[in-house]
*Asks:* 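Encoded as structure tokens, here's the structure I'll be asking about.
Labels below follow one simple rule: chain letters A, B, ... track the order of the sequence lines, proteins then strands, and each chain is numbered from 1. Both backbone and side-chain heavy atoms feed into the values below; hydrogens, waters and symmetry mates do not.
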Amino acid sequence: MSSIFQSIHKLVAKIPPGRVATYGQIAAMLGVPGGARTVGWAMHGLPEGSEVPWHRVVGAGGLVRLPEFEGKAVQVMLLRQEDVEVDGRGRIDLERFQWTAE
DNA sequence: AAGGTGACCAAGG
DNA sequence: TCCTTGGCCACCT
């Protein structure tokens, strides 16, 4: 079924390891500026064991916008596994790790 | 069809 | 630096 939801998952799946994208960026790439909330919502609705690398999607400014109880620690861990530097606050240097589409 | 909700964003106190 | 406020969009009931 083609929904913005599917499009988001597909695009996120294209983010290469060691890179991150912001919610707003994803939304903009899909032609839905201002639809950052929708992207976040799509992430939240992901089933477990999904192919989608949801952990590569962060908030504006490279800040992890994920409540602890939703798996923030997991996201940070996965990112670090991909050589992405994340500080204790969950901040990432977009200048170096932000994904720029082809 | 209408309203509520959310892993957002930017600005203001 | 933290919390609140207003605005944005798509999905669910």
*Asks:* What's the spacing between A/T22 OG1 and A/M29 CE if we round to 0.5 Å?
*Replies:* 9.5 Å
*Asks:* Let me know the distance between CZ of A/R56 and C1' of B/dA7, rounded to the nearest Å.
*Replies:*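 The distance from CZ of A/R56 to C1' of B/dA7 comes to 17 Å, rounded to the nearest Å.
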*Asks:* Measure CG/A/L63 against P/C/dC2 and give the value in whole Å, please.
*Replies:*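 That distance rounds to 10 Å.
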*Asks:* Can you tell me the distance, in whole Å, between the CZ atom of A/F5 and the P atom of C/dC9?
*Replies:*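 Atom CZ in A/F5 sits about 18 Å away from atom P in C/dC9.
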*Asks:* Applying a 3.5 Å limit to both distances, which nucleotide forms a Watson-Crick or G-U wobble pair with C/dC11?
*Replies:* B/dG4
*Asks:* If you only use heavy atoms from C-beta on, which nucleotide in B/dC9, C/dA10, C/dC8 is closest to the side chain of A/Y23?
*Replies:*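 My answer, after comparing the listed nucleotides, is B/dC9.
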*Asks:* Side chain of A/R65, base of B/dG6: donor and acceptor closer than 3.5 Å?
*Replies:*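 No pair found.
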*Asks:* Quick check for you: among B/dC9, C/dA10, B/dG6, whose closest atom lies nearest to any side-chain atom of A/A60?
*Replies:*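 So the nucleotide nearest the side chain must be B/dC9.
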*Asks:* Measure CH2/A/W54 against C1'/B/dC8 and give the value in whole Å, please.
*Replies:*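 It works out to 17 Å between those atoms.
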*Asks:* Can you measure A/I8 atom CD1 to C/dC9 atom C1' for me and round it to whole angstrom units?
*Replies:* 10 Å
*Asks:* Can you tell me how far CD of A/E85 sits from CZ of A/R96, rounded to the nearest 0.5 angstrom?
*Replies:* 4.0 Å
*Asks:* Could you give the CG-to-P distance, from A/L78 to B/dA7, as a whole number of Å?
*Replies:* 18 Å
*Asks:* Over how many whole Å does the gap from A/I4 atom CD1 to C/dC11 atom P extend?
*Replies:*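 Rounding to the nearest Å, CD1 of A/I4 and P of C/dC11 are 7 Å apart.
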*Asks:* Whether the side chain of A/R91 engages the backbone of A/V64 through a donor-acceptor N/O pair (distance < 3.5 Å, no angle test) should be reported.
*Replies:*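 Judged by distance alone, no pair lies under 3.5 Å.
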*Asks:* How close or far is atom P of C/dC9 from atom CH2 of A/W41, stated in whole angstroms?
*Replies:*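 Whole-Å distance recorded here is 15 Å.
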*Asks:* Shared ILVMFWY cluster between A/L79 and A/L46, side chains joined below 4.5 angstrom?
*Replies:* yes
*Asks:* For the side chain of A/R91, starting at C-beta, report the closest nucleotide among B/dG6, B/dA10, C/dT1.
*Replies:* C/dT1
